[in-house]
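The analysis underlying the following values was restricted to heavy atoms, covering all of them including side chains, and did not include hydrogens, waters or symmetry mates. Numbered from 1 within each chain, the chains take letters A, B, ... in sequence-line order.
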Amino acid sequence: MSLLDVRDLSVVFQRRGERPFTAVDEVSFSVEPGQTVGLVGESGCGKSVTSLAIMGLLPQRGNKVTGEVNFDGADLLKLRPDDLRDRRGRDIGMIFQDPLSSLNPVIPIGTQVAEVLERHRGMDHKAALKEARELLDAVGIPDPTRRLKEYPHQISGGMRQRALIAIALACKPRLLIADEPTTALDVTIQAQILTLLKELVDETGTALIMITHDLGVVAGLCDTVNVLYGGKIVERAERHELFARPRHPYTHGLLNSVPRLDSPRGERLHAIRGSVADNIPWAEGCAFAPRCDNVVDACLDGTPPLEPTANGGDLRCNNPVSEEVAVP
Amino acid sequence: MSDPIIQPTVGAQRESVDPSAVTEKREGTLPRGLDRLGERKRARLEQLAQATADKGGVSLVRDAFRRLRRNPTAMVGASIVALFVLVAIFAPLLAPHDPAQRFDELTKNLTVDSIPGASSEFPLGSDPLGRDFLSRMIHGSRQTLFVGVLATLIGLALGVLVGALAGAFGGWVDNILMRFTDVMLALPALLLAISLVAMASRSSQWTVILAVAIVNVPIFARLLRGSMLAQRESDHVLAARALGVKRGAIVLRHMLPNAMTAVIVQATLTLSTAILEAASLSFLGLGDPDINRAEWGLMLGVDGQRYFEVRPELAYFPAVAIIVVALGFTLLGEGMREAIDPKSRR
């Protein structure tokens, strides 16, 4: 049985007097224990909203969440707030994008790590601080004893993200959701953080949902990749399958637009034409149709279904990129 | 091709290495021909390192304190406040006489149109009842400090309670509390204070303190509510929620301490208005009815006003004292606001 099974998750934002906006549209995916699953897509495609909905962290007002999020036999969306709160941080950890703003500026790092241990493992403050020191050490923060007493603004960005990882993994959760954990960091630190995440995930057997817009991150880390577009999953495939033979024109375009070392000098980068603003609602057809090179008449006639492919993935496209035209 | 700038360094090391060590290493790898260029670059790097070195690892409070110390107006305010507090604390030692005692030497010369002036034993002369005016002035500082600080603290406590409740719960709790503070804010402060004192059956020092405190509650409440709401949307509160931290702990540990800065600055500014408001109430005769108590507002209102043509000093000294002390707190408060406000950081 899967560790996390998301079924037809939809999030609709609605404010009085405004047209409802569907941020996440019947998204389904599952995560096996110890597996790393990627959620990939551009800004505004519903990646972060999906993760917040799974955690039950969306604002109480102004949105409607439907579907099922089965985690370990319980539907997280139907749990009482207290039960869900007990699970957050203990069973499911989360890492956010901006490590500076995600740490409380007036509390020393050590106390922040200790807080989650005290909360979920009932440790007293002294024991929790001792454990916090070991956790900071484990995520590769130099001189952890000193860092315990330091405030977030006193340590570097990379160290802050390490501290956040330490906090998220403090209770050895079975699932870790990383929401663009490397976006705010420079490239060298990004690589370190990703390596660290991979090591820790392998070591502890934690399943990981990696939310990112960075295909490089996906290539290095994820077992299965879900590509989101306009709130719907448009393609799901194993990592190697996705990179070797992208079927959906959007995925294909994304991979094509990655600059390559072996491309001739002076060659223009490929870009997907248009922008997200050109999307049409899924009800009228494929949201990607206005930007798609492979568009056919059927694309403007209702939502294309998500259908299994021969290679074990799923695809939502009427006229997929043929397997031979794949990226070299 | 050893450009020292893009030379790969292992990131983990780079974080812990201090800037001087890096510059030394760079110097070592420089080719000879680039010596002069490198020299200049090194000097600039060192300059940069120095500029940032004393900035790194400085806590927010210490950083703000340093900026406060560099602000001359704030320091003038701080000196006035310090002097005032010292005088208040050591009043019994500084005052030459008992402020409530009527001296025969003074009363025998006391008539309706003549009040004894300065003499060697009584440096500021007598008040209309034959008491030592200087001692009364010095003891008056205690009263002013006591009323000002207590009124501010009570107002702060109530305001923080109301603001925190409104900001933490939002929704209808917020609506009810904020409509209530709106009503209070709509009334002029002094008018509200006068009505509150008038409501008490018997006026005393405490009715003044409470009235001034209550007048300041809505200001603190509004201020704190605003920053609490901003905190509620902040990333670190979301992160705390994602860790399953309980609601009470989120409000008390994650939201309140981060929202308090503005309120603390406001408290300093409120000290000066509280002193002014308390003095105004005493001036109007709504304060403590005890005639022996030395209080600047009372001295200004009762003695100073009545005998202004006989001895105007009786009005001047308390008035100047009130103004200077209020000014001191205002300057200090403004300086603190500037020091803490990130927008005014240089």
Can you give me the closest heavy-atom contact between [X] and [Y], atom names plus distance?
{"X": "A/Ser101", "Y": "B/Asp235", "answer": "OG-OD2, 2.7 Å"}
{"X": "A/Arg119", "Y": "B/Gly244", "answer": "NE-O, 2.6 Å"}
{"X": "B/Ala239", "Y": "A/Ser102", "answer": "CB-O, 3.5 Å"}
{"X": "B/Arg253", "Y": "A/Asn104", "answer": "O-ND2, 3.2 Å"}

Flag if over 12 foreign heavy atoms under 6.0 Å of [atom1], [X]:
{"X": "A/Arg15", "atom1": "CZ", "result": "no"}
{"X": "A/Lys64", "atom1": "NZ", "result": "no"}
{"X": "A/Phe13", "atom1": "CZ", "result": "yes"}

Using 0.5 Å steps for rounding, measure from the CZ atom of A/Phe96 to the CG atom of B/Leu238.
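CG of B/Leu238 is found 4.0 Å from CZ of A/Phe96.
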What is the distance from atom CG of A/Asp86 to atom NZ of B/Lys246, rounded to the nearest 0.5 Å?
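Going from the CG atom of A/Asp86 to the NZ atom of B/Lys246 covers 7.0 Å.
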Side chain, backbone, both or neither: which part of [X] has an atom under 4.5 Å from a heavy atom of chain B?
{"X": "A/Leu57", "result": "both"}
{"X": "A/Leu84", "result": "neither"}
{"X": "A/Leu58", "result": "backbone"}

Checking A/Arg88 side chain against B/Arg241 main chain: does a donor-acceptor pair fall under 3.5 Å?
yes
Residues forming a side chain to side chain donor-acceptor pair (under 3.5 Å) with A/Asp83, sequence neighbours excluded:
none
Just checking heavy atoms, which of residues 257-270 of chain B are less than 4.5 Å from chain A?
B/Pro257, B/Asn258
side-chain contact (heavy atoms from CB on, under 4.5 Å) between A/Glu115 and B/Val245, worked out:
CA-CA 8 Å; A/Glu115 182 177 34; B/Val245 179; 3.7 Å; yes
If you tally heavy-atom pairs under 4.5 Å between each of B/His254, B/Gln231, B/Arg247 and chain A, the highest tally belongs to B/His254
